[in-house]
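We count residues from 1, following the sequence as given. Whatever order the structure lists them in is the order used to number ligands and atoms, beginning at 1.
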Amino acid sequence: MRANGSGPAATLRFEESARQIAANARYIAGGVNSNFRLGMAPGPLVFERGEGAHLIDVDGNRIIDYYCGMGATVLGHTPARVIEAVQRQAERGILFAGQAPIEHEAAKLICERVPSAERLRFGSSGSEVAQAAIRLARAATGRRTIVKFEGHYHGWFDNVLWSTAPGLNAAGPSDAPTPVAGSRGQDPSAGDGLSILGWNDLAALEARLARGDVAAVMMEPAMCNQGAIAPLPGYLQGALAACRAHGALLIFDEVITGFRLGRGGAQERFGVTPDLTILAKAIANGFPVAAIAGRGELIDMFADGVLHGGTFNAQPIAMAAMVATQQSLTPEHYERSSVHGQRLQDGIREILTQAGIKAQVAGFPLMFHIAFGLDAPARDYRDVAASDKAAYSRFALALLKRGVRVLERGAWFVSSEHDAGIIEATLEAVRGAVREI
Ligand code: PLP
């Protein structure tokens with residue numbers, strides 16, 4: 001700690017990462033394997049290894065990581081129990097194109113933990129199981145329309161990549177959002193099956209459902225791709241009641257909220273049980289596992305005419321990682337991690353307030369969000385979109401130069417490895433970054 005309280009000096013350099021990304025670009029588009037890894041200043045980084053809450057990059061920087069594998073590594077980067085389970089399973093073979101005994105244990109654990117999960121099917125990514133949920137809902141109801149909310153993200157496929165982060169100049173009126181495609185090359189007709197609404201607005205949802213043509217309402221039950229926004233009191237209950245009244249299914253996308261808002265996800269935290277749930281990310285601490293879970297008679301349709309496939313579904317090594325992860329997600333894990341996550345949030349809020357920086361720090365202990373320039377907590381996408389993103393990007397870069405890596409969009413993910421010492425080191429870097437910007 002430096003005596004003048006300005007925090008650690010902004011000394012980190014990233015030249016070797018830049019060199020390797022440039023070399024990658026000869027063989028890999030943009031030098032990276034996901035568009036979401038392109039964006040951040042000073043450029044995409046290349047990591048040698050992870051250790052607990054840290055990443056060590058090819059420049060030798062040891063960085064406190066709040067990306068946590070985009071939310072996946074809830075136990076940190078090197079949980080011994082998960083790694084041992086993976087090694088043991090790997091010795092038994094790689095992929096059987098048949099069942100492995102571990103699938104039963106894996107499925108049972110999820111069904112015991114997630115309230116809506118009577119039965120499930122495993123997949124490999126959130127995007128994929130979102131597609132399975134949509135197909136199932138259409139098969140079950142004989143209807144086509146899926147209600148999707150502005151700012152919510154359900155993967156990168158053509159039929160859902162609409163209005164995930166639209167510019168406000170293109171988004172149309174808030175009570176009747178214009179669907180905005182997320183990519184060049186997207187099939188324009190793929191959006192025809194969607195109805196885009198603003199989230200946390202029960203009256204608008206009820207009015208839309210009353211038209212009687214909706215197969216399913218799909219939402220992040222707490223909006224975590226833009227902000228970290230809890231549902232308004234009664235919103236989830238009202239959404240479920242309206243779905244029931246008008247013959248639509250309710251799908252919770254708990255790809256982020258599952259195993260971060262608690263072991264049973266947002267549905268347990270807020271006491272609302274949807275018909276279907278999709279899970280991924282933290283389910284297996286970074287191994288490629290996803291699940292679609294829900295009411296037994298719905299999930300059973302996959303064994304009766306609704307196709308769901310995937311070469312890598314329930315890959316045994318990933319299943320072993322999943323079981324070990326779930327076994328590590330004890331009530332004590334949540335208690336301990338939540339204390340640290342809350343201390344971090346409170347500390348950042350205090351530093352920003354003392355520095356006179358207008359900001360909202362909001363969310364949940366293991367996943368929260370910082371928005372600069374807002375007078376009041378965000379309630380929906382349009383509030384978050386009005387925040388000062390340029391100033392936040394400068395803050396994120398100032399943090400990175402001090403050895404703390406956060407997402408440019410304002411999200412912070414906390415793992416069980418972010419202990420008291422790491423939180424205090426982070427707060428020291430925040431003090432320095434605040435001084436710099
Ligand atoms: N749903 C939500 C809420 C997500 O945040 C994501 C990814 O960030 C997805 C679905 C897609 O998951 P994946 O990236 O595993 O395909």
Counting from 1, what ligand 1 atoms have a heavy atom of Ile256 closer than 4.0 Å?
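Going through ligand 1 atom by atom, the ones under 4.0 Å from Ile256 are 5 (O).
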By number and element, which atoms of ligand 1 are closer than 4.0 Å to a non-hydrogen atom of Ser125?
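Counting atoms of ligand 1 from 1, those under 4.0 Å from Ser125 are 15 (O), 16 (O).
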Between [X] and [Y], ring centroids under 6.0 Å:
| X | Y | answer |
| --- | --- | --- |
| Trp156 | Phe36 | no |
| Phe270 | Phe252 | no |
| Phe413 | Tyr66 | no |
| His369 | Trp412 | no |

Please indicate whether Asp346 has more than 12 foreign heavy atoms, meaning atoms of other residues, nucleotides or ligands, lying under 6.0 Å from its CG.
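Yes.
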Do Val255 and ligand 1 have an N or O pair less than 3.5 Å apart?
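For ligand 1, there is no N or O atom that lies under 3.5 Å from one belonging to Val255.
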Using a 3.5 Å cut-off on N or O atoms only, is Tyr153 in polar contact with ligand 1?
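Between Tyr153 and ligand 1, an N or O pair is found under 3.5 Å apart.
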Can you tell me which residue and heavy atom of the protein come closest to atom 1 (N) of ligand 1, and the distance to 0.1 Å?
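So the nearest neighbour among protein heavy atoms is Asp253 OD2, 2.6 Å.
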Among protein heavy atoms, which lies nearest atom 12 (O) of ligand 1, and at what distance?
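Ranked first by proximity to atom 12 (O) of ligand 1 is Gly126 CA, 3.2 Å.
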Which is it for Asn225 and ligand 1 at heavy atoms under 4.0 Å: side chain, backbone, both or neither?
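Answer for Asn225: side chain.
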Nearest 0.5 Å, what's the OG-CG distance between Ser17 and Asn61?
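The OG atom of Ser17 sits 8.0 Å away from the CG atom of Asn61.
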Pairs involving residues 195-208, ordered by first then second residue, that meet salt bridge (charged side-chain N to carboxylate O under 4.0 Å, His left out) (sequence neighbours left out)
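The answer is Arg208-Asp213.
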Considering Ser127, Ala222, Ala290, which one's heavy-atom position lies nearest to atom 14 (O) of ligand 1?
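Looking at heavy atoms only, Ser127 sits closest to atom 14 (O) of ligand 1.
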Counting heavy atoms only, which of His154, Lys281, Met70 is nearest atom 8 (O) of ligand 1?
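Checking each option, the heavy atom nearest atom 8 (O) of ligand 1 is found in Lys281.
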